[in-house]
K.L.:
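Mind looking over this structure? Questions follow.
Quick note: residue numbers are just sequence positions, from 1. Atoms within a ligand are numbered from 1 in the order they appear, just like the ligands themselves.
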Amino acid sequence: MAQSIQAVRGISDILPEETAYWQLLESQLSRIVASYGYQEIRLPVIEQTALFARSIGEVTDIVAKEMYTFVDRNGDSLSLRPEGTAGCVRACLQRGLLHRQTPRLWYLGPMFRRERPQKGRYRQFYQLGVEAFALAGPEIDAELILMSARFWQALGLADTITLQLNSLGSLSTRKQYQQALVAYFQEYRSDLDEEHRHRLQTNPLRLLDSKMPAVQTLIAQAPKMTDYLDEASSAHFARLRAYLEAAGVAYEINPTLVRGLDYYTDTVFEWVSSDLGAQGTVCAGGRYDGLVELSGGPATPAVGFALGIERLALLYKQHSADKPHKQNLDIYVVAAGDKGQQQGYLLAEQIRDALPQLRIISHCGDDKFKSQFKKADKSGARIALIMGDDEAAQGNVGIKYLREDRAQETVAQKALFTVLGQVF
Ligand code: HAM
């Protein structure tokens with residue numbers, strides 16, 4: 001026997017039992033985004049590598065270490081998308097969606113990052129992302145946060161997910177802050193390990209989300225980003241907070257929340273649960289007012305977020321008593337003999353025409369009736385329809401009730417639809 005080939009490490013199959021949960025979550029999420037007037041966009045999984053390097057940032061972990069990059073046959077460097085925002089901005093520019101419009105878009109699909117796999121962290125994972133363009137005020141930031149709060153409410157998860165909020169200021173004030181941060185950490189350079197010294201040099205803001213206890217102690221005394229905000233950023237942040245308070249959305253200000261992608265400006269937020277272990281962030285996003293211009297378009301403010309479907313599914317299963325409704329089969333067609341099998345197939349087609357909501361399986365193969373009935377029973381169907389050569393010749397069909405104490409009967413095929421109308 002040939003050796004079987006396994007799936008790639010960190011990449012899962014989503015099996016039928018699991019897809020029932022995913023369908024439930026996706027239908028709730030897409031209903032809510034539509035209720036805010038957002039429209040779906042379907043974006044490619046592969047883009048030019050340069051798009052991600054430029055948008056997310058060369059020195060971020062995502063671009064420096066985690067992308068699946070390959071050289072196409074014509075020599076182009078392409079990458080599997082590690083996230084959706086860069087591609088969404090590219091599509092908006094390339095397809096003219098930003099021309100005197102304020103698109104509100106959402107997408108759902110797989111993203112790829114070569115991270116170390118663990119619970120809640122995979123190399124292929126699914127995100128639902130939402131992006132709003134050309135709106136500068138804090139009300140759209142608030143709207144996105146309210147929309148995400150509505151997700152948790154609808155799924156019964158509001159008590160387990162909390163909101164963390166920060167402002168990164170404008171690109172220019174962030175530079176000043178970054179200088180102050182570097183000056184501060186330079187004094188403690190000798191306390192830092194190799195990796196943190198590297199961060200200090202390449203991406204100093206990432207020191208703020210260090211997990212190392214010694215560094216965390218230093219961070220407590222470090223300059224605070226919120227002290228460096230200019231007037232416009234402070235006002236934006238204050239108005240956003242006022243919106244959230246008016247809407248009754250609780251939040252915690254986390255001054256060390258910096259995010260792992262370079263494009264953010266002003267508002268950043270994460271929805272976090274303590275029930276997921278180390279990978280507690282279910283949903284995250286913020287404003288990225290500089291990205292459209294950086295991508296070659298006109299200066300255009302933008303804001304968005306993405307939520308991880310696997311993490312949401314893990315949480316939902318932990319917290320919800322409701323199992324997704326198992327979709328049982330309705331009818332199993334048992335058939336034997338040349339004429340019977342042919343007539344059984346045709347009958348199943350006629351039922352699908354007349355009653356499209358029913359789920360019907362026609363038995364395949366020449367098994368004995370006994371073994372076909374066993375399969376019918378195991379299938380979970382409510383009734384078996386029986387079609388042998390005799391029934392076919394006489395224009396009849398047998399009905400066996402698999403889940404109720406009711407005698408088997410034979411009816412004319414013409415009368416079948418009346419019976420099915422009563423049963424289903
Ligand atoms: P992100 O924080 O990199 O942001 O990812 C958003 C969410 O995707 C995370 O909070 C998490 O739930 C999920 N996620 C990320 N990596 C993994 C992984 N390896 N395995 C499982 N789930 C994961 C972004 O991607 C931005 N594009 C969000 C955004 C949209 N900002 C503005 N617009």
K.L.:
What part of Glu270, side chain from CB on, backbone N/CA/C/O, both or neither, has a heavy atom under 4.0 Å from ligand 1?
P.N.:
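For Glu270, there is no contact with ligand 1 at all, from either part.
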K.L.:
Any carboxylate oxygen within less than 4.0 angstrom of a Lys/Arg side-chain nitrogen, looking at Asp191 and Arg197?
P.N.:
no
K.L.:
Side chain, backbone, both or neither: which part of Val303 comes within less than 4.0 Å of ligand 1 when only heavy atoms are counted?
P.N.:
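The answer is neither; Val303 stays 4.0 Å or more away.
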K.L.:
Centroid-to-centroid, Trp271 to Phe151, below 6.0 Å?
P.N.:
no
K.L.:
So is Cys283 in contact with ligand 1, going by heavy-atom distances below 4.0 Å?
P.N.:
yes
K.L.:
Filter on side chain to side chain donor-acceptor pair (under 3.5 Å), then keep only pairs touching residues 348-363, sequence neighbours left out; what's left?
P.N.:
Tyr332-His363, Glu349-Arg352, His363-Asp367
K.L.:
Just going by heavy-atom distances, which of Tyr107, Phe125, Tyr126, Tyr122 is nearest to atom 14 (N) of ligand 1?
P.N.:
Phe125
K.L.:
Pick, from Arg259, Arg81, Gln127, the option with the minimum heavy-atom distance to atom 6 (C) of ligand 1.
P.N.:
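Answer by nearest heavy atom: Gln127.
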K.L.:
Mind checking ring-ring contact (aromatic ring centres under 6.0 Å, His included) for Tyr184 and listing every partner two or more places apart, or none if nothing turns up?
P.N.:
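Result, ring-ring contact (aromatic ring centres under 6.0 Å, His included) vs Tyr184: Tyr188.
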K.L.:
Keeping the roles fixed (side chain from Arg113, backbone from Pro82), state whether a donor-acceptor pair exists under 3.5 Å.
P.N.:
yes
K.L.:
With a 4.0 Å cut-off on heavy atoms, does Glu115 reach ligand 1?
P.N.:
yes
K.L.:
Of the protein's non-hydrogen atoms, which lies at the shortest distance from atom 9 (C) of ligand 1, and what is that distance?
P.N.:
Thr281 O, 4.0 Å
K.L.:
Is the closest heavy-atom distance from Tyr263 to ligand 1 below 4.0 Å?
P.N.:
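Yes; Tyr263 lies near enough to ligand 1 that a heavy-atom distance drops under 4.0 Å.
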K.L.:
Could you tell me if Ser170 and Thr265 have a donor-acceptor pair between their side chains, going purely by distance under 3.5 Å?
P.N.:
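Note: Thr265 and Ser170 side chains miss the donor-acceptor criterion.
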K.L.:
Between Gly304, Gly120, Gly10, flag the one that comes closest to atom 32 (C) of ligand 1 by a heavy atom.
P.N.:
Gly304
K.L.:
Select one of side chain, backbone, both or neither to describe which atoms of Tyr264 lie under 4.0 Å from any atom of ligand 1, heavy atoms only.
P.N.:
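The part of Tyr264 near ligand 1 is the side chain, not the backbone.
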K.L.:
If we ignore hydrogens and angles and just use 3.5 Å, is the side chain of Gln101 paired with the main-chain N or O of Pro103 as donor and acceptor?
P.N.:
no
